[in-house]
Amino acid sequence: DTIARWLVRVGESCQQITNQLVRNVSVRYVQADEMWSYIGKKDNNFEFRGDVSNGYKGEAWTFIAIDSDSKLVLSYALGSRDQDTAYRFLKDLRERITGPFQLTTDGFAPYVAAAYDSLLALDGVSFGQLVKVYSGDRVVAARPTVIFGNPDVKHISTSYVERQNLTVRMNSKRFSRKTIAFSKKAANHLAAMQLHFANYNFCRVHRSVNMPPALAAGVTDHIWTMEELVAPAFK
């Protein structure tokens with residue numbers, strides 16, 4: 001219980017650091033995707049609206065947006081895979097980035113209404129979806145689809161954010177598909193997510209850019225240590 005309480009404190013502190021520094025980020029290409037996980041048990045009969053105090057048990061989806069150039073995780077949201085979470089997610093993304101950019105998501109339909117509501121009014125924003133065609137459980141085709149603006153079809157891709165999903169699962173066993181380390185409480189699940197993305201952005205050197213993504217994106221001027229990242233939680 002003590003360790004779990006510390007985790008929640010650290011997660012809240014990491015979220016404050018993210019909210020403070022990941023602002024007005026200049027980007028060109030943004031990729032977004034959703035990652036499945038669960039809290040307490042895999043099956044559920046009601047939707048998770050992000051309330052971490054409601055004793056929720058069941059499926060929980062993490063929506064993730066990543067800058068294709070710096071590999072910075074720009075925004076994330078925890079909830080059900082539904083319209084409500086898509087709106088919350090893209091609204092948060094809009095508040096963190098600046099300048100013209102191109103957004104790519106998978107073919108999840110609620111993104112369309114959420115993008116029209118959150119992003120269409122911004123100058124120079126283009127939106128495309130990579131719609132996957134399935135035969136049974138296998139993907140047999142992926143079709144770039146223009147939703148609005150003038151997206152570069154060559155950059156309608158979700159490869160970077162899908163690789164980020166693997167990074168999450170490899171570094172936080174709470175998100176593994178088959179594990180006994182799943183979160184028992186929603187607050188702990190959210191905190192683990194907040195800690196992971198803060199560590200990934202500020203502390204961990206990404207091999208493709210040879211520095212932490214936050215440094216590559218210009219939102220910090222040095223490589224953070226884990227001690228520096230978690231220290232504010234214990235002041």
Side-chain angles (χ1 to χ4, degrees), residues 2-27 30-35 37 39 50-53 60-79 85 88-99 101 118 160-161 163-175 183 185-235:
T2 299
I3 298 299
R5 286 196 296 270
W6 284 356
L7 172 63
V8 172
R9 288 175 59 182
V10 168
E12 292 172 347
S13 176
C14 287
Q15 185 64 60
Q16 291 175 3
I17 292 170
T18 297
N19 289 343
Q20 179 182 357
L21 296 180
V22 184
R23 295 287 181 189
N24 299 315
V25 184
S26 179
V27 297
V30 177
Q31 298 181 8
D33 195 20
E34 322 85 57
M35 183 177 66
S37 58
I39 300 166
D51 182 357
V52 297
S53 62
W61 289 79
T62 304
F63 286 56
I64 305 170
I66 189 171
D67 173 19
S68 296
D69 293 324
S70 69
K71 308 304 182 291
L72 180 74
V73 172
L74 297 160
S75 179
Y76 48 86
L78 183 64
T85 311
R88 289 194 291 110
F89 172 59
L90 291 189
K91 181 180 177 182
D92 182 74
L93 176 64
R94 180 190 65 193
E95 295 172 352
R96 297 184 183 278
I97 56 183
T98 185
F101 69 94
S118 302
Y160 291 130
V161 70
R163 179 60 180 83
Q164 170 60 215
N165 293 348
L166 176 61
T167 298
V168 175
R169 295 193 191 282
M170 292 297 291
N171 286 273
S172 181
K173 292 304 178 184
R174 293 171 183 267
F175 292 86
S183 297
K185 295 180 179 180
N188 297 344
H189 197 72
L190 176 63
M193 182 178 73
Q194 293 165 332
L195 175 59
H196 167 79
F197 287 127
N199 174 66
Y200 168 86
N201 278 340
F202 293 97
C203 302
R204 179 175 172 175
V205 174
H206 199 291
R207 285 188 295 178
S208 68
V209 293
N210 295 317
M211 63 185 74
L215 184 57
V219 301
T220 187
D221 59 2
H222 66 285
I223 300 175
W224 290 41
T225 64
M226 180 59 74
E227 181 180 6
E228 181 182 9
L229 183 67
V230 304
F234 301 99
K235 290 183 178 179

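Keep in mind it's a predicted model, so treat the numbers as computed, not measured.
The two residues C203 and L229 make their nearest non-hydrogen contact at SG-CD2, 4.0 Å. The two atoms that bring R96 and V22 nearest to each other are NH1-O, 3.2 Å, heavy atoms only. Here the closest non-hydrogen pair linking R88 and L78 is NH2-O, 2.8 Å. The two residues S68 and Q31 make their nearest non-hydrogen contact at OG-NE2, 3.4 Å. When every heavy atom of I39 is checked against every heavy atom of K185, the shortest pair comes out as CG2-C, 3.7 Å. In this structure, S118 and R94 approach most closely via the heavy-atom pair O-CD, 2.9 Å.
Put simply, the side chain of Q15 never gets that close to the backbone of Q194: no donor and acceptor are under 3.5 Å apart. T18 contributes a side-chain N or O that, together with a main-chain N or O of C14, makes up a donor-acceptor pair within less than 3.5 Å. Checking side-chain atoms of R9 against main-chain N and O of R5 turns up no donor-acceptor pair under 3.5 Å. Distance alone, capped at 3.5 Å, places no donor-acceptor pair between the T98 side chain and the S26 backbone.
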Between Q164 and M35, is a side chain to side chain contact (heavy atoms under 4.5 Å, CB included) present by the stated rule, with each step listed?
-> CA-CA 10 Å; Q164 170 60 215; M35 183 177 66; over 6 Å; no
Please assess V30 against L74 for the test side chain to side chain contact (heavy atoms under 4.5 Å, CB included), listing each intermediate value before the final yes or no.
-> CA-CA 9 Å; V30 177; L74 297 160; 3.8 Å; yes
Any chance you could lay out the side chain to side chain contact (heavy atoms under 4.5 Å, CB included) test for T85 and F63, step after step, and finish with the verdict?
-> CA-CA 8 Å; T85 311; F63 286 56; 3.6 Å; yes
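Atom-to-atom distance recorded for F89:CZ and I64:CD1 is 8.0 Å, nearest 0.5 angstrom. Note that CG of L72 and CG of N201 are 4.5 Å apart. Values are rounded to the nearest 0.5 Å. With rounding to the nearest 0.5 angstrom, the OG atom of S70 is 9.0 Å from the NE2 atom of H206. To the nearest 0.5 angstrom, F202 atom CZ is 10.5 Å from L215 atom CG. Residue F197 holds its CZ atom at 9.0 Å from OG of S172, rounded to the nearest 0.5 Å. Distance check, rounded to the nearest 0.5 Å: CZ of R174 to CE of M193 gives 12.0 Å.
Residues T167 and R163 have side chains that bring a donor and an acceptor to within less than 3.5 angstrom of each other. Side-chain atoms of S183 and N188 include no donor-acceptor pair closer than 3.5 Å.
Within the 4.5 Å cutoff, the side chain of N171 has no heavy atoms near those of the Y200 side chain. Within the 4.5 Å cutoff, the side chain of F234 has heavy atoms near those of the V10 side chain.
The aromatic rings of F175 and H189 lie tilted to each other, with the angle between the two planes from 30° to 60°.
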